[in-house]
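Some notes on the structure that comes next.
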Amino acid sequence: MSMAQQAEPAVGRPPASGPKPTDGRTARRSPALRLLARPEVGVFLGAVAVLVFFLITAPPVRDGSSMANILYQSSTIGIMALPVALLMIGGEFDLSSGVAVISSALTASMLSYQLTVNVWTGVIVALIVSLAIGAFNGWMVMKTGLPSFLVTLGTFLILQGANLAVTKLVTGNVATDDISDMDGFDQARKIFASSFDVGGVQVKITVLWWLVFAALATWVLLRTKYGNWIFAVGGSKDSARAVGVSVKFTKITLFMLVGFGAWFVGMHNLFSFNTVQSGEGVGQELIYIAAAVIGGCLLTGGYGSAIGPVFGAFMFGMVQQGIVYAGWNPDWFKAFLGVMLLGAVLINLWVQRTATRR
């Protein structure tokens, strides 16, 4: 065999058959792993398990009116859990959200009653106040660089004290006056606290608003530039700023969204009960945050969804009412919440590790 024959290139040889070699960067994950990567998968399975558990142990849950009541309890948590979840995805959280709900309701009630004006005037002013509280929290976080934990803890204490002090000063009591006979009350109640019939079962309108807000939040996160900004500032605000994301605008508006949620739930409370207790709301902020965490949002930011907190809020409502329907001591509610929270954190950790495993 000649040297020419030995050096002949293999240009005409067909490529070797079989799969092309891939490294960790180009390997494609299976559909099952891609599904597990979704932050709402774990809480969805948990919500199904909790529902089945109470369907078996608490027969009254199977009744349509009982399920409507469960959905109502879930919606009052879920409406606030949605903006709280978006804020957490953006890398912050708000400890003042619970008392901000009461601040909003107190503002609308006392302004309308003391000035004898149409209740819609109080509603609009309460919206402005709620958005201003959110804007203040966001501005303080961005201006000072302090953790949102400290800033919103301060706001929490300010609002808690102001709610009690101002209410006593204006009304001479710890609760506001009844506004059910004032102009505009019936119209406002239809929007914030009415019910509608579904197959002979009365369902609160907050359930419908809850689903509408969830759909809107999902669209914003997955289909808009602003949604990309939320994930970006939550993952790394410095990197986000380097690629042109308006970090200050994004974070301040996220805090304002929490203010909007507080306003809406506050209006529901006001027009459901006609009056507001100024000392309420303390501790609710932890429920909202827990619903978001159970729904797959991370405290470190940059990860989560709007659908997950919907299931998280449903689990809260299911447990809260399921314990009552089962005839158990309601004192066990907080113990159940603790178990649910720890379980959700562990499930989310397992899901993330499984989804990223090569």
**Asked** Are Val233 and Leu299 grouped together when hydrophobic residues (ILVMFWY) are joined by side-chain heavy atoms under 4.5 angstrom apart?
**Response** yes
**Prompt:** Same hydrophobic cluster for Phe264 and Tyr72, using side-chain heavy-atom links shorter than 4.5 Å among ILVMFWY?
**Reply:** no
**Message:** Is the shortest side-chain heavy-atom distance between Phe316 and Ile294 below 4.5 Å?
**Reply:** yes
**Asked** Going only through I, L, V, M, F, W and Y residues with side-chain contacts under 4.5 Å, is there a path from Trp219 to Trp229?
**Response** yes
**Prompt:** Is it true that Asp238 and Arg241 have a side-chain N and a carboxylate O under 4.0 angstrom from each other?
**Reply:** yes
**Asked** Any side-chain heavy atom of Gln187 within less than 4.5 Å of one from Val119?
**Response** no
**Value rounded to 0.5 Å, distance of CD in Gln73 from CD1 in Ile70** = 9.5 Å
**Request:** Look at atom CZ of Phe185 and say whether more than 12 heavy atoms of other residues, nucleotides or ligands are closer to it than 6.0 Å.
**Result:** yes
**Asked** Can you say whether the rings of Trp328 and Phe53 are parallel (under 30°), tilted (30 to 60°) or perpendicular (over 60°)?
**Response** tilted
**Asked** ring pair (Phe, Tyr, Trp, His ring centres under 6.0 Å) between Trp263 and Phe192: does it pass, once the steps are laid out?
**Response** CA-CA 11 Å; Trp263 167 77; Phe192 296 106; 5.5 Å; yes
**side-chain contact (heavy atoms from CB on, under 4.5 Å) evaluation trace for Met88 with Leu298** = CA-CA 7 Å; Met88 289 178 61; Leu298 299 181; over 6 Å; no
**Gln160 vs Ile102, side-chain contact (heavy atoms from CB on, under 4.5 Å): CA-CA, chis, key distance, verdict** = CA-CA 9 Å; Gln160 182 185 11; Ile102 305 303; over 6 Å; no
**Asked** At what distance, to the nearest 0.5 angstrom, does CE of Met318 lie from CE of Met67?
**Response** 5.5 Å
**Prompt:** Heavy-atom distance under 4.5 Å between the side chains of Val48 and Phe311, does that happen here?
**Reply:** no
**Request:** Report whether Leu216 and Val84 are members of the same hydrophobic cluster (ILVMFWY, side-chain heavy atoms less than 4.5 Å apart, transitive linking).
**Result:** yes
**Message:** Evaluate Ser195 against Gln202 for side chain to side chain donor-acceptor pair (under 3.5 Å), listing each step before the verdict.
**Reply:** CA-CA 6 Å; Ser195 301; Gln202 290 295 308; 4.5 Å; no
**Message:** So which atom in Leu221 and which in Ala306 form the shortest heavy-atom distance, rounded to 0.1 Å?
**Reply:** CD1-N, 3.8 Å
**Request:** Considering non-hydrogen atoms only, spot the tightest contact between Cys297 and Ile89 and give its length.
**Result:** SG-CG1, 4.1 Å
**Request:** With the side chain counted from C-beta on, respond yes when Met142 and Val247 share a heavy-atom pair under 4.5 Å apart, and no when they do not.
**Result:** yes
**Message:** For a quick test of reading the model, state the closest non-hydrogen atom pair linking Phe271 to Arg189 and the distance between them.
**Reply:** O-NE, 3.2 Å
**Message:** Looking at every heavy atom in both Val319 and Phe54, which two are closest together, and how far apart are they?
**Reply:** CA-CE1, 4.0 Å
**Item:** Test item: Thr250 and Leu254 side chains (from C-beta on) under 4.5 Å apart, heavy atoms
**Value:** yes
**Asked** Are the side chains of Val293 and Phe93 in touch, meaning some heavy atoms are under 4.5 Å apart?
**Response** no
**Prompt:** Please walk me through it: do Asn69 and Tyr325 pass side-chain contact (heavy atoms from CB on, under 4.5 Å)?
**Reply:** CA-CA 11 Å; Asn69 191 33; Tyr325 291 134; 3.2 Å; yes
**Request:** Show your working on side chain to side chain donor-acceptor pair (under 3.5 Å) between Thr171 and Tyr113 and close with a plain yes or no.
**Result:** CA-CA 10 Å; Thr171 68; Tyr113 188 87; over 6 Å; no
**Message:** Let me confirm one number: the CG-CG distance from Leu82 to Leu257, rounded to the nearest 0.5 Å.
**Reply:** 10.5 Å
**Prompt:** Under 3.5 Å, is there a donor-acceptor pair between the side chain of Ser66 and the main chain of Pro60?
**Reply:** yes
**Item:** Within 6.0 Å of CH2 in Trp209, more than 12 heavy atoms from elsewhere
**Value:** no
**Request:** Measure across Ile77 and Ala291 and return the closest heavy-atom pair with its distance rounded to 0.1 Å.
**Result:** CG2-CB, 4.3 Å
**Message:** Give me the atom names and distance for the closest heavy-atom approach of Ile205 to Ala193.
**Reply:** CG2-N, 4.0 Å
**Prompt:** At what distance, to the nearest 0.5 angstrom, does CG of Leu153 lie from CD of Glu285?
**Reply:** 9.5 Å
**Prompt:** Between atom CD1 of Ile133 and atom OG of Ser104, what is the distance when rounded to the nearest 0.5 Å?
**Reply:** 8.0 Å
**Request:** Take Gln284 and Val101, measure what side-chain contact (heavy atoms from CB on, under 4.5 Å) needs, and give me the verdict at the end.
**Result:** CA-CA 9 Å; Gln284 283 297 112; Val101 170; over 6 Å; no
**Asked** Mind checking whether Thr176 and Val170 have side chains closer than 4.5 Å, heavy atoms only?
**Response** no
**Item:** Whether over 12 other heavy atoms sit under 6.0 Å from Lys204 NZ
**Value:** yes
**Item:** Steps toward side chain to side chain donor-acceptor pair (under 3.5 Å) verdict (Thr155, Ser96)
**Value:** CA-CA 6 Å; Thr155 308; Ser96 67; 5.0 Å; no
**Asked** Are Val174 and Leu159 connected, step by step, through hydrophobic side chains (Ile, Leu, Val, Met, Phe, Trp, Tyr) whose heavy atoms are closer than 4.5 Å?
**Response** no
**Prompt:** Okay, side chain of Thr152, backbone of Leu95: is any donor-acceptor separation there less than 3.5 Å?
**Reply:** yes
**Request:** Kindly indicate, with the supporting measurements, whether the criterion side chain to side chain donor-acceptor pair (under 3.5 Å) is fulfilled by Ser103 and Asn163.
**Result:** CA-CA 6 Å; Ser103 298; Asn163 288 349; 2.8 Å; yes
**Request:** Measure the shortest side-chain to side-chain distance between Leu71 and Phe314 over non-hydrogen atoms and say whether it is less than 4.5 angstrom.
**Result:** yes
**Asked** For the atom pair CD1 (Ile323) and OG1 (Thr57), what is the distance rounded to the nearest 0.5 Å?
**Response** 10.0 Å
